Structures are given as C-alpha cells and as structure tokens.
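Down below is the structure, laid out as structure tokens.
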Amino acid sequence: MPELPEVETTRQGIAPHCEGQTIRQVVVRNPRLRWPVPDDLPQQLEGQTIRTVERRAKYLFLHLDTGSVIVHLGMSGSLRVITDDSAPMRHDHVEIFLDNHRSLRFNDPRRFGCWLWTTDWSQHPLISQLGPEPLSDDFNGAWLFRLSRQKQTPIKSFIMDNHVVVGVGNIYANEALFKAGIHPKRKAGRISLDRYHRLADAIRETLQAAILMGGTTLRDFVNSEGKPGYFAQSLLVYGKGGTLCPDCNTSLKDIRMNNRSTVYCPRCQR
DNA sequence: AAGGATTCCTGTTGGC
DNA sequence: TGCCAACAGGAATCCT
C-alpha cells in the first residue's frame, strides 16, 4: 500500500512525463471512488497543460492553469505512465491521455483513492488542515509536545492523526513507538518533551529508511522482478507479535487499538 | 468537544 | 484441499 515514500516515488516517476504536457482526453471508466469523480472532470481538464506535479502528505496534485486535480492513492491505488497501446486492465478507473502519446493510468482495486477538482487546492478542506510534513523542519519534538498537552488520546492515535503530522500510517506508528520506547496506549498528554524529541526522531528515521529502501513498505509486496520489498525486512515489530523483542527478548504483544493491529514490547515500551 | 467506532472496498490469508 | 470468514488499512465521518 502506498505510504508517503511511495507517493513521493510516484510523483518523481510521473512528473517528467506529465509536466508541460497538454491533456488530450480524460477517460473515467469507474467514477465510484472514495468520493465520486466529478462529472465535469474531463471537460475541466481537456485542452489544459499540466504545469507541475506536487505532493503534500499522501496527496498528489496535477496543477493546471485554472485549478488542480487532487489525487489520493488510498490503500491500493497506483499511477502508471503508459507508453504503448496496452489495453486497460481490471480496476483501471481513470486515465489521462497526453499530447506526447503517453497516458497516466490510475488503478485502484479497493477504490479508497480519489480524483477531485479544485480551483484553490491549498484551501481545500482535505488539505488546509493537514499537519506538517514529517521530514520538514516544522516537525519536531517541541511541536508534538505543544500539541499534545491535555490530550487524553493514546499516543499511537495521536501520531496517526493527520492534523498532528502527516504520513504516519499504522506500520510506521508501531515501528516508531518501539524505537522511542513509548507504550502505544500511553496518553499523549503524559509524555515529556525529552521523550517527544526521541519520538520525532524515530518517526523521521523510520520514514527516511523506507525512502532509502525504495519506498517499499507493503509487507507482501513483490516487485516486477519477484523480489520482496526491502523495507519489510527491516521492520522491528510490525507483524511480529509473539516473537521475541530484538532488544530484551520479551515476547512482543499483539493487541488491537482502534481496530488496528498494534505490536509492542511490554518491557521496553512504557 | 474530544476521542472512539464505523465506514468505504476487494484481494489475501488463515482456520477448520 | 477447499471454502469462507476474518483481516488488512487511510482517513473522513458518525456516534457517544
């Protein structure tokens, strides 16, 4: 599933093929995504030139002169540049045909993704409330500490909240909390500034590692060469409930929080 | 109002 | 071995 590193990888992959290209045609094969693809999306886009492709959190933007397309890959979405005349496959819901005889094809089996149109992307309700990028200077322990005062919510829910920081999915939350030695159920408001510094570092390191490994975090991901994803091999606790803690050999606990798989070491994480 | 629960969806997995 | 329920997860939205 696309985590923030995969979305950035996607942006880098498609941008050179899209930027500066004029849109010839937009085909919506199935508009029933997370929200319905707007009926007028094709006519908003056709004839316009894609100026830039940008990423914010896990959202991608195709910036045109009159507005922007907001794309989210959801759980199972992918964007590919098509260079031949290969026929669309199952779940290829949206396709943008460009002047360079290439196209941008969106595939999303679970349809948690979205394609929306906005004339003012930064003020869009999905975007305007987002927290800082985890790899930016705006994100640090002091920010987490300040935002978390009086908060009763568990720390794991807190760091997975997009208003706090973007891009921390369930896998990263588990890994970062283990690295920082913080129990996932600890109340966010009851963590010291020092420990928040450690946590912010852990979040940054975990995301950075995933990016360096090629942005492959899906545990069963197999690339085109049939090799498993590299980041999966460096997971410390996620998916390892019942096995022994790499630091203290205590059996890792596997519980459910907010209906999400949560793994931690009951001895190392307090 | 904050925080927990539910919801969307389909491919994969695990238990019997 | 085969079938089917459970599971997976981003994040808005609903509910308490």
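A quick note: this is a predicted structure, and the numbers were derived from the prediction, not measured. Lettering follows sequence order; numbering is per chain, from 1.
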Considering every strand and a 4.0 Å limit on heavy-atom distances, what is the contact class for Phe158(A): base, sugar-phosphate, or nothing? nothing
What is the distance, to the nearest angstrom, from the CG atom on Asp161(A) to the P atom on dT13(C)? 14 Å
What contact category does Arg256(A) fall into here, base, sugar-phosphate, or nothing, at under 4.0 angstrom with non-hydrogen atoms? sugar-phosphate
Do other residues, nucleotides or ligands put more than 12 heavy atoms under 6.0 Å from the CG atom of Asp39(A)? no
Using residues 123-133 of chain A as the side-chain source, report each donor-acceptor pair under 3.5 Å to any protein atom, sequence neighbours left out, with the distance given to one decimal.
residue: His124(A); atom: ND1; partner: Leu126(A); partner atom: N; Å: 3.0
residue: Ser128(A); atom: OG; partner: His124(A); partner atom: O; Å: 3.4
residue: Glu133(A); atom: OE1; partner: Arg55(A); partner atom: NH1; Å: 3.0
residue: Glu133(A); atom: OE1; partner: Arg55(A); partner atom: NH2; Å: 3.3
residue: Glu133(A); atom: OE2; partner: Arg56(A); partner atom: NH1; Å: 2.9
residue: Glu133(A); atom: OE2; partner: Ala57(A); partner atom: N; Å: 2.7

Between P on dA11(C) and NZ on Lys156(A), what's the gap in Å once rounded to a whole number? 14 Å
Hey, what's the ring geometry for Phe61(A) with His63(A), parallel, tilted or perpendicular (30° and 60° as the breaks)? parallel
Mind calculating the distance between CG (Leu4(A)) and P (dG10(C)) to the nearest angstrom? 12 Å
In whole Å, what is the span from the CE atom of Met75(A) to the P atom of dA12(C)? 14 Å
Under a 4.0 Å heavy-atom criterion, the protein footprint on nucleotides 3-8 of chain B, written with B, S and -, is SSS--B
Whole angstroms only, please: what is the CG-P distance between Asn170(A) and dG10(C)? 6 Å
Regarding the side chain of Lys58(A), the nearest nucleotide among dG11(B), dA11(C), dA8(C) is dA11(C)
Do side-chain atoms of Asn30(A) reach the backbone of Asp92(A) as a donor and acceptor pair under 3.5 angstrom? no
How many whole angstroms separate atom NE2 of His163(A) from atom P of dT13(C)? 10 Å
Ignoring hydrogens and geometry beyond distance, is a side-chain donor-acceptor pair present between Asp194(A) and Ser192(A) at under 3.5 Å? no
Using a heavy-atom cut-off of 4.0 Å across all strands, would you classify Leu126(A) as base, sugar-phosphate, or nothing? sugar-phosphate
Look at the rings of Phe145(A) and Tyr196(A) and say which category their plane angle falls in: under 30° parallel, 30 to 60° tilted, over 60° perpendicular. perpendicular
Considering only side-chain heavy atoms of Arg111(A), which listed nucleotide, dC9(B), dA8(C), dA11(C), is closest? dC9(B)
Mind calculating the distance between CD1 (Ile171(A)) and P (dC7(C)) to the nearest angstrom? 17 Å
Measure CG/Asn162(A) against P/dG10(C) and give the value in whole Å, please. 10 Å
OP1 or OP2 of dG10(C) versus the side-chain N and O atoms of Tyr172(A): is any pair under 4.0 Å? no
With a cut-off of less than 4.0 Å, is there a side-chain N or O of His72(A) near OP1 or OP2 of dA12(C)? no
Take Arg11(A) and Glu8(A) through the side-chain contact (heavy atoms from CB on, under 4.5 Å) test and state the conclusion after the steps. CA-CA 5 Å; Arg11(A) 189 197 69 76; Glu8(A) 176 58 23; 3.2 Å; yes
